[in-house]
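The analysis underlying the following values was restricted to heavy atoms, covering all of them including side chains, and did not include hydrogens, waters or symmetry mates. Index from 1, following the sequence.
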Amino acid sequence: AAPDPTGARPGRSLHLRFSFAEPTEERYGLTGLRVSFDPAIDASGFDHLALWIRGDEQAGFGSSLKLQLQRRDPETGGLLETGSFVVTGVNKGWQRVVVPLGRLAGLSEWKDLSDFALVIQARRVGLASGGYWIDDLELIATGEPGPRASDRLLPAGKQAWERETGSRLEQTRRLHARLAGWPERA
């Protein structure tokens with residue numbers, strides 16, 4: 001942690017520097033920061049993850065990086081579940097990023113979280129080296145969790161068709177008529 005050289009944020013902030021030394025790493029590599037929780041934390045009472053971020057103007061930075069939360073699933077013998085979200089639009093000014101936990105695709109629940117990671121992928125940043133400033137990482141409860149990545153979404157056209165046809169029997173009849181005997185007459 002270091003003082004923000006711009007003076008825009010009081011106190012100290014995490015200065016995360018990265019470097020991809022090998023030519024293959026510059027294209028395919030990844031690096032970052034991982035924080036393990038011991039004991040694991042229960043985030044089921046929260047619905048968003050928030051943090052302040054800005055790119056390091058002097059060192060260079062990419063406009064995106066990935067946030068991850070992980071947990072070991074006891075029902076699958078401790079296999080690791082990873083929920084991730086790509087933060088985009090990072091620039092040289094401080095900005096608050098608030099991510100609904102439901103947007104972190106890959107987690108089945110929010111109990112027993114074991115790790116948090118900031119992942120810098122070479123293909124996303126397009127630089128051999130650079131840095132980010134991170135501050136005030138927190139779990140928050142807004143009371144508005146929003147949609148989850150696992151929610152089943154129905155297209156608006158299908159919903160309109162279901163309202164128009166009314167009963168399940170009528171929907172089945174129309175589908176059979178539209179298929180015109182397929183697959184029996186294929």
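- The closest donor-acceptor contact from the side chain of Arg72 to the backbone of Gly78 lies under 3.5 Å.
- Aromatic ring orientation, His15 versus Trp133: parallel (interplanar angle below 30°, classes split at 30° and 60°).
- Grouping Ile, Leu, Val, Met, Phe, Trp and Tyr by side-chain contacts under 4.5 Å, direct or through others, puts Val98 with Ile140.
- Looking at Phe18 and Val125, their side chains come closer than 4.5 Å, going by heavy atoms from C-beta outward.
- Atom CH2 of Trp94 is separated from atom CH2 of Trp52 by 9.0 Å, given to the nearest 0.5 angstrom.
- By the 4.5 Å heavy-atom criterion applied to side chains, Asp73 and Leu80 are not counted as neighbours.
- A heavy-atom distance below 4.5 Å is found between the side chains of Leu139 and Leu101.
- Within the structure, every pair that satisfies the side-chain hydrogen bond (donor to acceptor under 3.5 Å, both in side chains) test and touches residues 59-70, not counting sequence neighbours, is listed here: Arg34-Gln70, Gln70-Thr82.
- Side-chain contact between Asp56 and Arg17: present, with at least one pair of heavy atoms (C-beta onward) separated by less than 4.5 Å.
- Side chain of Arg71 to backbone of Lys111: a donor-acceptor contact under 3.5 angstrom is found.
- Under 3.5 Å, the side chains of Ser108 and Glu81 contain a donor-acceptor pair of N or O atoms.
- Taking every heavy atom of both residues into account, Leu104 and Trp110 meet most closely at CB-CH2, 3.9 Å.
- Residue Leu69 holds its CG atom at 12.5 Å from CZ of Phe85, rounded to the nearest 0.5 Å.
- Counted by atom type alone, Glu170 and Thr165 present zero donor-acceptor pairs between their side chains at under 3.5 Å.
- In the hydrophobic clustering (ILVMFWY side chains linked at under 4.5 Å, chained through shared members), Leu175 is joined by Trp161.
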